[in-house]
Trainee: 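This is the structure, below, for whatever I ask next.
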Amino acid sequence: MAESTLDRIRRERLEKAEALREMGINPFANDFAVTDSLADLSRNYADCVENPEGPPADAPRHSIAARVVAKRVMGKLSFLRLRDGSGEFQLMLRKDIMDEENYLRVRRYSDVGDFVAATGPVIRTRTGELSILADDARILTKSLRPLPEKWHGLTDVETRFRQRYVDLVMNPEVREVFRKRAGILRYMRAFLDERGFLEVETPMLQTIAGGAAAKPFKTFHNALGVPMFLRIAPELYLKRLVVGGIERVYELNRNFRNEGLSHWHNPEFTMIEFYMAYATYEDLIELTEELLSGLVLDVTGSHTIAWGDEEISFERPFQRLSVRDAIRTHLGRPDLALETLDDVLGLMGELGIEPPKPADYGRVLMEIYETVAESKLIQPTFITEFPVEVSPLARRNETDPRFVDRFELIIGGKEVANAFSELNDPVDQKGRFEGQLAAKEEGDDEAHEMDEDYVRALEYGMPPTAGEGIGIDRIAMLLTGYNNIREVILFPHMRPEQVEEDGNVE
RNA sequence: GGGGCGCUAGCUCAUCCGGUAGAGCAACGGACUUUUAAUCCGUUGGUGCGGGGUUCGAGUCCCCGGCGCCUCACCA
């Protein structure tokens with residue numbers, strides 16, 4: 001079979017690496033001491049001007065190493081555009097300044113994509129570009145595969161996500177997204193740490209996947225001989241810790257839900273969940289406003305972010321709306337009765353909405369809310385007064401036991417946070433679990449399992465507590481302006497590709 | 001899961017009605033001491049996502065499959 005372009009390039013580059021070895025240069029060396037990042041040089045020499053005499057003899061020399069992203073050879077003079085984790089800088093190689101043999105070697109055996117090391121003073125060229133004028137340079141790491149084209153770069157979305165390493169090399173703005181994401185995590189940790197919360201890690205492998213309504217991934221522990229699940233939420237473990245006296249606790253890590261993929265859903269996603277004893281969901285509304293408005297300001301420098309054609313404001317206070325009022329508002333019917341099963345069944349029929357299973361008051365009400373209101377809530381909005389049927393872990397409202405003391409925070413039409421005053425009555429909790437089991441019988445395949453140990457923990461006594469979960473990926477989407485979750489996850493899940501032994505894609 | 005669109009050289013893209021696949025970048029050889037997508041001369045590179053069908057002839061039309069994107073449904 002004929003040799004493909006890619007095969008030929010790889011062969012040629014392997015031959016270059018071999019030639020370097022024969023000249024005593026290790027093409028995969030690790031013996032070079034870097035003194036400056038490229039950004040350091042750009043910053044420190046911003047005021048440097050061109051000097052026709054060349055650099056003064058006592059000019060400081062700098063040692064840099066970085067990936068070659070462009071190579072311009074002009075005979076006895078060559079320019080290499082370098083990029084490292086901090087930025088870009090130009091490397092200037094002159095035959096009359098370097099050892100001639102070395103100059104010719106770097107010129108001939110280096111390729112775009114290689115890592116190159118160089119030492120020399122910094123100058124400004126005749127055309128105004130800052131450069132290292134190398135008196136010594138060498139190929140530090142040989143690259144065997146060609147990088148995408150310099151002008152259009154890598155744009156194919158599938159390749160960008162599957163080969164994120166190439167995406168990061170070619171598209172510096174991608175690194176910015178993940179810098180912002182790290183900033184979000186850092187801010188949230190600092191915010192909670194300052195308020196006396198303890199960061200913990202609870203099991204991701206669980207024998208009962210509880211704490212949320214979702215389908216889990218199933219696996220198996222060989223030595224124990226038991227089926228296990230990847231957690232869908234850390235909730236029940238964190239509340240066990242509150243029982244144990246860790247009165248402010250949080251966990252920031254992954255959850256796994258065996259559901260469809262979409263631009264808002266990845267099978268594993270990152271959530272911060274925190275619990276605060278002697279607090280109510282109303283306290284968490286205050287805390288959430290403070291956290292998010294501060295976070296947005298910290299990460300973006302403003303309280304307002306652009307979202308598609310809209311602007312989203314994180315100025316406090318955020319809007320508050322009950323589930324029923326959200327329905328009324330978005331249907332434009334302020335006097336609509338939504339108090340009984342007949343009320344909501346009638347409206348469901350009128351709107352042509354498929355009935356949930358089972359079609360009880362709470363599930364039907366939520367179905368209507370999600371259909372008519374949720375996606376229209378662009379500005380940050382706390383939705384409150386959730387029905388008890390869909391909230392098996394939340395504390396009942398004191399005056400209206402059909403509802404629980406819970407909110408969801410909706411931003412950009414999507415649920416970003418979910419919080420409630422926790423149910424700490426073990427008898428009520430046991431009854432709720434039993435209600436969930438009954439709902440499962442009636443067709444709700446995401447209903448909770450009974451968790452006897454959790455009920456036992458509550459029987460020892462959990463102080464009054466409020467807890468909240470915030471979806472980090474969605475916050476990251478909002479703050480980076482991407483409406484695709486894959487843009488804010490380094491390695492989003494995709495169907496596996498078939499890769500041949502030599503690394504070529506079939 | 002449903003519907004729509006796409007998949008051609010390593011990358012970014014062409015190829016009109018079905019007539020035997022082309023460019024830029026990259027690579028290779030050469031020239032070149034101030035480039036910024038360097039320039040100039042020359043050269044190479046393709047199982048056209050996979051399989052089947054129709055046809056004298058298929059990248060192009062039809063069918064099956066794969067993968068991706070958009071969208072709807074479900075979910076945070």
Side-chain angles (χ1 to χ4, degrees), chain A residues 1-13 15-16 50 52 69-81 88 90-97 103 107-108 111-113 123-131 133 143-163 166 170 212-215 232-233 255-271 273 354 356 367 370-371 374 408-411 414-418 445-446 469-475 477 483-486 494-498 503-506:
Chain A
M1 194 171 72
E3 189 182 42
S4 70
T5 310
L6 178 59
D7 288 338
R8 198 190 64 198
I9 290 172
R10 290 170 69 203
R11 176 178 53 74
E12 284 162 357
R13 291 190 175 197
E15 286 165 6
K16 287 175 180 174
E50 191 206 340
V69 293
K71 185 180 174 187
R72 290 186 280 271
V73 174
M74 236 131 308
K76 300 186 180 72
L77 169 71
S78 299
F79 296 98
L80 299 183
R81 185 102 210 128
E88 295 194 1
Q90 181 167 273
L91 176 61
M92 184 176 183
L93 306 171
R94 277 174 56 171
K95 192 180 172 189
D96 60 344
I97 287 181
Y103 171 79
R107 191 182 76 175
R108 166 143 188 216
D111 287 295
V112 170
I123 60 152
R124 195 173 287 279
T125 65
R126 212 174 291 165
T127 52
E129 183 85 16
L130 280 177
S131 297
L133 177 59
S143 157
L144 302 183
R145 282 177 186 265
L147 287 174
E149 188 227 336
K150 60 192 164 193
W151 188 240
H152 300 92
L154 179 66
T155 58
D156 182 74
V157 175
E158 183 177 354
T159 310
R160 285 188 48 231
F161 294 153
R162 287 197 195 276
Q163 296 180 242
V166 182
M170 298 306 294
K215 298 184 196 95
I232 55 176
N255 294 305
F256 307 86
R257 300 193 182 173
N258 205 342
E259 288 152 2
L261 290 77
S262 79
H263 63 140
W264 284 95
H265 299 88
N266 195 57
E268 56 182 301
F269 64 99
T270 301
M271 189 158 72
E273 243 186 60
E354 287 289 308
E367 196 70 33
E370 282 165 14
T371 305
E374 190 176 58
E408 279 186 4
L409 175 61
I410 311 298
I411 309 175
K414 292 288 171 185
E415 180 186 342
V416 163
N418 180 19
D445 57 2
E446 295 185 345
I470 301 177
I472 300 298
D473 310 278
R474 292 185 170 181
I475 296 284
M477 290 169 69
N483 77 340
N484 188 340
I485 198 167
R486 294 177 157 188
M494 309 185 90
R495 282 197 165 80
E497 61 174 349
Q498 295 191 319
N504 287 331
V505 177
E506 269 182 0

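Proteins come first, then strands; the chains are lettered A, B, ... in the order of their sequence lines, and each starts at number 1. This structure is a prediction, so every number in the text was calculated from the model and none was measured.
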Trainee: Report yes if at least one side-chain N or O of A/S4 is closer than 4.0 Å to OP1 or OP2 of B/G45; otherwise report no.
Mentor: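 Looking at the OP1 and OP2 atoms of B/G45, neither is under 4.0 Å from any side-chain N or O of A/S4.
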Trainee: B/G10, B/C28, B/C74: which one has an atom nearest the side-chain heavy atoms of A/S262?
Mentor: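 Among B/G10, B/C28, B/C74, the one nearest the side chain of A/S262 is B/C74.
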Trainee: Rounded to the nearest Å, what distance is computed from the NZ atom of residue A/K414 to the C1' atom of nucleotide B/C74?
Mentor: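 Interatomic distance, NZ of A/K414 to C1' of B/C74: 10 Å.
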Trainee: Measure distances between side-chain N and O atoms of A/T125 and base N and O atoms of B/U35, and say whether any donor-acceptor pair falls under 3.5 Å.
Mentor: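 By the distance-only test, yes, there is a pair.
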Trainee: Can you tell me how far C1' in B/C32 sits from the matching atom in B/G42, rounded to whole Å?
Mentor: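 Their C1' atoms lie roughly 16 Å apart.
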Trainee: Touch check for A/G469, heavy atoms < 4.0 angstrom, all strands: base, sugar-phosphate only, or nothing?
Mentor: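 Counting heavy atoms under 4.0 Å across all strands, no contact is made by A/G469.
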Trainee: Once hydrogens and angles are ignored, does a donor-acceptor distance under 3.5 Å link the base of B/U44 to the side chain of A/R8?
Mentor: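 Donor-acceptor pair under 3.5 Å: yes.
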Trainee: Checking only heavy atoms, does the side chain of A/E149 share a donor-acceptor pair with the base of B/G10 at less than 3.5 Å?
Mentor: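 Check fails, no donor-acceptor contact within cut-off.
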Trainee: Which nucleotide in the set B/U71, B/U33, B/U35 lies at the smallest distance from any side-chain heavy atom of A/R94?
Mentor: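 From the listed options, B/U33 comes nearest.
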Trainee: Measure the distance from CD on A/E50 to P on B/U33 and round it to the nearest whole Å.
Mentor: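 Rounded to the whole Å, the gap is 18 Å.
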Trainee: Please state the P separation for the pair B/A27 and B/G22 - nearest whole angstrom.
Mentor: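 Those two atoms are separated by 23 Å.
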Trainee: Would you mind classifying the nucleic acid contact of A/E158 as base, sugar-phosphate or nothing, using non-hydrogen atoms under 4.0 angstrom?
Mentor: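 Contact class for A/E158: sugar-phosphate only.
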Trainee: Mind checking if A/R11 touches a base, just sugar-phosphate, or nothing, with heavy atoms under 4.0 Å?
Mentor: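 Nothing: the residue A/R11, judged by heavy atoms under 4.0 Å, touches no strand.
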Trainee: So which nucleotide does B/A37 pair with, by the Watson-Crick or G-U wobble rule with both distances under 3.5 Å?
Mentor: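 For B/A37, the partner nucleotide comes out as none, under the 3.5 Å rule.
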Trainee: Is there side-chain contact between A/R107 and A/K95, with heavy atoms separated by less than 4.5 Å?
Mentor: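 They are not in side-chain contact.
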Trainee: Which nucleotide in the set B/G68, B/A9, B/U34 lies at the smallest distance from any side-chain heavy atom of A/T5?
Mentor: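 Nearest to the side chain of A/T5 among the choices is B/A9.
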Trainee: How close or far is atom C1' of B/U36 from atom NZ of A/K150, stated in whole angstroms?
Mentor: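 After rounding, the gap between these two atoms is 10 Å.
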Trainee: Less than 3.5 Å between a donor and an acceptor, one on the side chain of A/Q90 and one on the base of B/U35, is that the case here?
Mentor: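 Result: at least one qualifying N/O pair found.
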Trainee: For B/C32, is chi within 90° of 0 (syn) or not (anti)?
Mentor: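 Anti.
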Trainee: Testing the basics here: between A/F79 and A/T125, what is the closest heavy-atom pair and its distance to 0.1 Å?
Mentor: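 Shortest heavy-atom separation between A/F79 and A/T125 comes out as CE2-CG2, 4.3 Å.
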Trainee: Do you know which two heavy atoms are closest between A/E273 and A/G469, and how far apart they sit?
Mentor: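 It is CG-CA, 3.7 Å.
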Trainee: Would the distance check show the side chain of A/E367 and the main-chain N or O of A/E354 forming a donor-acceptor pair, the cut-off being under 3.5 Å?
Mentor: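 Not a single qualifying donor-acceptor pair exists.
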Trainee: Could you work out the separation of B/U43 and B/G66 based on their P atoms and round it to a whole Å?
Mentor: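 The same atom, P, in both gives a distance of 44 Å.
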Trainee: Determine the interatomic distance between P on B/C61 and the same-named atom on B/G6; round to the nearest Å.
Mentor: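 The answer is 10 Å between these two P atoms.
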Trainee: Between A/D7 (CG) and B/C11 (P), how many Å, whole number?
Mentor: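 After rounding, the gap between these two atoms is 13 Å.
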Trainee: For A/R13 and B/C28, what is the distance between atoms CZ and C1' respectively, to the nearest whole Å?
Mentor: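 Rounded to the whole Å, the gap is 12 Å.
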Trainee: For the pair A/K16 and A/E12, find out whether any cationic side-chain nitrogen is under 4.0 Å from an anionic carboxylate oxygen.
Mentor: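 No, A/K16 and A/E12 are not salt-bridged.
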Trainee: By nearest nucleotide on RNA chain B, pick out whichever of A/L261 and A/M271 is the more 5' one.
Mentor: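 First, find each residue's nearest nucleotide; the 5'-ward one identifies A/L261.
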Trainee: Please tell me which of the listed nucleotides, B/G10, B/U35, B/G68, lies nearest to the side chain of A/R495?
Mentor: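 Closest of the options to the side chain of A/R495: B/G68.
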Trainee: B/C74 and B/C16: how far apart are their P atoms, nearest whole angstrom?
Mentor: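 These two P atoms come out 43 Å apart once rounded.
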Trainee: Output the single nucleotide from B/A37, B/C67, B/U35 whose closest atom is nearest the side chain of A/R162.
Mentor: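 For A/R162, the side-chain atoms sit closest to B/C67.
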Trainee: What is the distance, to the nearest angstrom, from the CG atom on A/L6 to the C1' atom on B/C25?
Mentor: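 A/L6 atom CG is separated from B/C25 atom C1' by 15 Å.
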Trainee: Evaluate the criterion side-chain contact (heavy atoms from CB on, under 4.5 Å) for residue pair A/M477 and A/K414; output intermediate values, then yes/no.
Mentor: CA-CA 11 Å; A/M477 290 169 69; A/K414 292 288 171 185; over 6 Å; no
Trainee: Between B/A38, B/C11, B/A73, which nucleotide gets closest to the side-chain atoms of A/A70?
Mentor: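 Looking only at side-chain atoms, A/A70 lies closest to B/A38.
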Trainee: Whether the side chain of A/T127 and the base of B/U35 hold a donor-acceptor pair under 3.5 Å is what I'd like checked.
Mentor: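 Flag set: donor-acceptor pair detected.
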Trainee: Students often get this wrong, so: under 4.0 angstrom with heavy atoms, is A/A417 touching a base, only sugar-phosphate, or nothing?
Mentor: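 The residue A/A417 makes no contact with any strand.
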Trainee: In whole angstroms, how far is the P atom of B/A14 from the NE2 atom of A/H152?
Mentor: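 After rounding, the gap between these two atoms is 10 Å.
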Trainee: Could you report the tightest heavy-atom contact between A/H263 and A/N483, atom names first, then the distance?
Mentor: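 Smallest heavy-atom distance, with atoms named: ND1-O, 2.8 Å.
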Trainee: Starting at the 5' end of RNA chain B, which residue's closest nucleotide do you reach first, A/D156 or A/K16?
Mentor: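 On the 5' side of the pair lies A/D156.
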Trainee: Consider the side chain of A/R108, meaning its heavy atoms from C-beta on, and name the nucleotide among B/C25, B/C69, B/G29 that approaches it most closely.
Mentor: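 Closest nucleotide to the A/R108 side chain: B/G29.
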Trainee: State the pairing partner of B/A27; accept Watson-Crick or G-U wobble contacts with both distances under 3.5 Å, and report none otherwise.
Mentor: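 Its partner is B/U43.
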Trainee: Please tell me if A/N484 has a side-chain N or O lying less than 4.0 Å from either OP1 or OP2 of B/C70.
Mentor: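 Yes, because at least one side-chain N or O of A/N484 sits under 4.0 Å from OP1 or OP2 of B/C70.
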Trainee: Taking B/U60 as the reference, what is the distance to B/C64 when you measure between their P atoms (whole Å, please)?
Mentor: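 Between the two P atoms, the distance is 16 Å.
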Trainee: Please work out if A/V416 contacts a base, only the sugar-phosphate, or nothing of the nucleic acid, heavy-atom cut-off 4.0 Å.
Mentor: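 If one applies the 4.0 Å heavy-atom cut-off, A/V416 turns out to touch nothing in the nucleic acid.
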Trainee: What does B/C56 pair with, Watson-Crick or G-U, if both distances are under 3.5 Å?
Mentor: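 WC or wobble partner is B/G19.
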Trainee: Provide, to the nearest angstrom, the distance between the CE atom belonging to A/M170 and the P atom belonging to B/G10.
Mentor: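 Whole-Å distance recorded here is 16 Å.
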Trainee: What's the closest nucleotide to the side chain of A/I9 if the choices are B/U34, B/C69, B/A27?
Mentor: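 The nucleotide sitting nearest to the side chain is B/A27.
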Trainee: With rounding to whole Å, what would you report as the distance between B/C41 and B/C56 at their P atoms?
Mentor: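 Roughly 46 Å separates the two P atoms.
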Trainee: Mind checking the C1' distance from B/A9 to B/G51? Whole angstroms is fine.
Mentor: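 23 Å, rounded to whole Å.
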Trainee: Quick one: is A/R72 getting a side-chain N or O under 4.0 Å of the B/U35 phosphate, OP1 or OP2?
Mentor: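 Looking at the OP1 and OP2 atoms of B/U35, neither is under 4.0 Å from any side-chain N or O of A/R72.
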Trainee: For the side chain of A/N418 and the backbone of A/E408, is there at least one donor-acceptor N/O pair under 3.5 Å apart?
Mentor: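 It does not hold such a pair.
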Trainee: Partner of B/G68 by Watson-Crick or G-U wobble geometry, both contacts under 3.5 Å, or none?
Mentor: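 B/C5 - that is the nucleotide pairing with B/G68, both distances being under 3.5 Å.
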Trainee: Just checking A/T155: base, sugar-phosphate only, or nothing, at a heavy-atom cut-off of under 4.0 Å?
Mentor: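 Counting heavy atoms under 4.0 Å across all strands, the contact made by A/T155 is with sugar-phosphate only.
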Trainee: State the CZ-CZ distance between A/R10 and A/R145, to the nearest 0.5 angstrom.
Mentor: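 Result: 4.5 Å between the selected atoms.
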